[in-house]
Amino acid sequence: MPKKDSTKAGRSSLKDNLAKLTAPNHSLSDLIDLVGYPKLIRMIDDGVDDFNSANQDCCLSLIMAARYMGIISALETMQDQHFQPAPRFLKKYQLIHGNLKQDLKHVLDIYKKLKTGPKGINWPVLNAYEAQHPSANLTEQFQKMDVHLIHRPRFSCPALMAKAKEKNA
């Protein structure tokens, strides 16, 4: 029986790993949702990184930056004093607020793993994306993510009676 070639370990792309889900017409971001953040973290530990793919479709840092922007936007909206959901939706929004905070933690953890991995972030792919979409401001988003890795953000939501935890969320 031939030995497994350990030099090929970690060379499969994120798309290859997610192809096992056989989910036609789903975006890579949708497939990540199906897999879940903990499984995605294990895949990164097994060698999946931004350099396993040469295009924007599979650039994990790009996906995490987009998710980060969406999560921060939603949490800031919920923190605003003018955010007043109808009382019948209060429990639903409390659940959403908690899920967003958990998702932010996972996104920052994944970004940290990619950033501190042996190859780092694939800036050629990110720069190519930013050249096509100048308003993306990816460098600025990654700087914000770096700050949030050091000082995890705390989000309260007065309308939901959700207070920011004193410890890192």
Side-chain angles (χ1 to χ4, degrees), residues 4-79 91-123 125-126 129 136 138 141-157 160 162-169:
K4 271 188 166 178
D5 185 0
S6 62
T7 60
K8 291 186 179 183
R11 288 193 183 181
S12 60
S13 72
L14 180 60
K15 203 172 224 175
D16 294 339
N17 280 286
L18 295 176
K20 298 170 193 161
L21 295 175
T22 61
N25 301 322
H26 282 89
S27 71
L28 183 60
S29 190
D30 293 337
L31 293 176
I32 290 171
D33 288 336
L34 290 172
V35 167
Y37 289 118
K39 170 94 172 152
L40 181 58
I41 289 171
R42 284 192 302 277
M43 290 166 63
I44 293 167
D45 289 340
D46 290 340
V48 170
D49 60 31
D50 280 349
F51 292 86
N52 293 130
S53 39
N55 62 42
Q56 302 159 9
D57 297 338
C58 296
C59 185
L60 198 49
S61 292
L62 182 60
I63 293 167
M64 291 303 114
R67 285 179 179 228
Y68 169 81
M69 288 186 272
I71 292 168
I72 292 294
S73 177
L75 286 169
E76 286 174 347
T77 298
M78 294 175 109
Q79 188 169 275
K91 287 197 184 284
K92 187 174 193 171
Y93 276 104
Q94 287 171 334
L95 180 64
I96 291 168
H97 188 261
N99 288 342
L100 285 168
K101 288 175 28 175
Q102 187 65 29
D103 286 352
L104 178 61
K105 179 191 176 309
H106 287 303
V107 165
L108 289 172
D109 289 346
I110 290 168
Y111 169 66
K112 181 179 181 180
K113 282 189 168 288
L114 292 172
K115 178 185 169 155
T116 59
K119 294 183 181 178
I121 302 294
N122 191 340
W123 282 105
V125 169
L126 296 173
Y129 180 84
L138 292 175
Q141 294 309 316
F142 286 116
Q143 288 171 345
K144 289 178 184 177
M145 291 170 80
D146 287 336
V147 169
H148 286 161
L149 284 175
I150 298 167
H151 304 288
R152 294 282 173 139
R154 293 184 219 134
F155 291 95
S156 62
C157 184
L160 301 177
K163 295 188 167 78
K165 291 183 181 179
E166 291 303 313
K167 292 182 179 179
N168 290 345

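We count residues from 1, following the sequence as given. Every value quoted in this text rests on a predicted model; they were computed, and no experiment measured them.
- Between His148 atom NE2 and Leu104 atom CG the span is 7.5 Å, to the nearest 0.5 Å.
- Remark: Lys91 pairs with Gln94 by the side chain to side chain contact (heavy atoms under 4.5 Å, CB included) rule, at least two apart or across chains.
- From Lys101, atom NZ reaches atom CG of Leu75 across 8.0 Å, with rounding to the nearest 0.5 Å.
- To the nearest 0.5 angstrom, Ile110 atom CD1 is 7.5 Å from Leu114 atom CG.
- The nearest pair of heavy atoms linking Leu108 to Met145 is CD2-O, 3.9 Å.
- Contact check for Asn122 versus Ser61: no side-chain heavy atoms found under the 4.5 Å cut-off.
- We find the CG-CD1 distance between Asp103 and Ile71 to be 5.0 Å, quoted to the nearest 0.5 Å.
- Aromatic rings of Phe142 and Tyr111 (six-membered ring for Trp) have centroids within the 6.0 Å cut-off, being under it.
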List, one per line, each side-chain donor-acceptor pair under 3.5 Å for residues 37-44, sequence neighbours excluded.
from	atom 1	to	atom 2	distance (Å)
Tyr37	OH	Arg67	NH1	2.8

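- Between Asp109 and Arg152 there is a salt bridge, with a side-chain nitrogen of the basic residue lying less than 4.0 Å from a carboxylate oxygen of the acidic one.
- Remark: side-chain polar atoms of Ser73 are not paired, donor with acceptor, to backbone N or O of Met69 under 3.5 angstrom.
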Would Asp146 and Leu149 count as a side chain to side chain contact (heavy atoms under 4.5 Å, CB included) if you check the C-alpha gap in whole Å, the side-chain angles of each, and the deciding distance to 0.1 Å? CA-CA 5 Å; Asp146 287 336; Leu149 284 175; 4.2 Å; yes
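- Listed by chain and number, the residues in a side chain to side chain contact (heavy atoms under 4.5 Å, CB included) with Met78 are Phe83, Tyr93, Ile96, His97, Leu100, Cys157, Leu160 (sequence neighbours excluded).
- In this structure, Asn99 CG and His106 NE2 are separated by 9.5 Å, a value rounded to the nearest 0.5 Å.
- Residues Lys144 and Tyr68 come closest through the heavy atom pair CB-OH, 3.4 Å.
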